[in-house]
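These notes concern the structure reproduced below.
This one's a predicted model, so the numbers in the text were calculated from it and none came from an experiment. Just so you know, ligand 1 is whichever comes first in the structure, and atom 1 is the first atom listed for that ligand.
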Amino acid sequence: MNTEARPVLLFAYFRPDAQAWLDALAPAREFAEIRCWPEAGDPAEVDYVVAWQPPAGFLGGLPNLKAIFWIGAGVDRLLEDPALPDVPIARMKDDSLSLGMAEFVAERALHYHRLMPQYADQQRRREWRPLSPPLARERQVGVMGLGEIGQACARALAGLGFAVRGWSRTGREVPGVDVRTGDLGDFLAGCEIIACVLPLTPQTRGILNRDAFARLDGAWLINVGRGGHLVEADLIPALDAGRLAGATLDVFETEPLPPDHPFWTDPRIVVTPHASAVTHPASAAGHILANLRRAEAGEPLDGLVNRARGY
Ligand SMILES: NC(=O)c1ccc[n+]([C@@H]2O[C@H](COP(=O)([O-])OP(=O)(O)OC[C@H]3O[C@@H](n4cnc5c(N)ncnc54)[C@H](OP(=O)(O)O)[C@@H]3O)[C@@H](O)[C@H]2O)c1
């Protein structure tokens, strides 16, 4: 147990590029001692941890932890750790993440809406043929998941003039968005572009599957949630059957995507390396610092994860 007045914050970032985070977290030194793994000192002295991709069991080795500040938005991997301590977890909430994702989804939606894949095909054939896309307001776009990041995507798409329909568990309102709950098939029917921005939970694993695709007719899919949302074996058959016209996949069941995976070479599929939204330390550290102050003041954390819900 840390009995000093200053709490100990352990920065446990299991990636190579830690320095930008340490610089951004430096203001916390005013009221906390910052340690950087692997120089953690006595694990029993650690009060808080800022963590990213720790090995399973690592957090369970910090016996007096008071809270976990998670650098990402999705906590699926974290919650799978059987040794996860029973302390509050705050997921990352930051504009650099949500606006970055909104840019990515908006770019993909415009790309499909303005028929860029068709023009790429025509160019390969040296074919000069103007196409006539509908107006954005005539294009039904569906956003699965209306959380911090999903809402930012839905707002950006609505701002571009698309007809936006959003799907969430409880139906929280989003201005300019036709919010639906309940049957996924009913939600998908009529959507021409689908963006999946769901968290990965037991309820959402495998949600992008043959049955869901059967409700679509030549739609474009953008999956930026998690690889586990997509039943990968169902994607190419749905493209072959014309249920889907194309897909942009940023996340995969196995990452990095194995070199022999058929998604790499299918011209209807765009692969990006889990890069649709990147957390920028200089921007995102503010959320961690504010939560550290909240925790020390005994206030509830912002972005508190509900473990039973899984997000
Ligand atoms: N590719 C990347 O680089 C990247 C980066 C960041 C995040 N992500 C992914 O994006 C996900 C979403 O982030 P976020 O901040 O928007 O999440 P969030 O704030 O936790 O919101 C999750 C949303 O999903 C809805 N939802 C959850 N379970 C559902 C279900 N069974 N049926 C229908 N709706 C359901 C929730 O409904 P309610 O509103 O009713 O609770 C909520 O609207 C993350 O969990 C992560 O997996 C990916």
What's the verdict on side-chain contact (heavy atoms from CB on, under 4.5 Å) for V49 and L59, showing C-alpha distance, side-chain angles and the deciding distance?
-> CA-CA 8 Å; V49 64; L59 296 168; 3.6 Å; yes
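- Residue Q123 places its CD atom among 12 or fewer non-hydrogen atoms of other residues, nucleotides or ligands, all under 6.0 Å distant.
- The protein residues lying under 4.0 angstrom from ligand 1, judged by non-hydrogen atoms, are A73, G74, R91, M101, G145, L146, G147, E148, I149, G150, W167, S168, R169, T170, R172, V197, L198, P199, Q203, T204, V224, G225, R226, D250, V251, H274, S276, A277, Y311.
- Heavy atoms of other residues, nucleotides or ligands lying less than 6.0 angstrom from CZ of R307 number more than 12.
- A donor-acceptor pair is defined here as one N or O able to donate and one able to accept, closer than 3.5 Å; such a pair exists between the side chain of S168 and the backbone of G171.
- Taking 4.5 Å as the limit, some side-chain heavy atom of W167 sits within range of a side-chain heavy atom of L184.
- Nearest heavy atoms, A245 versus R268: O-CB, 4.2 Å.
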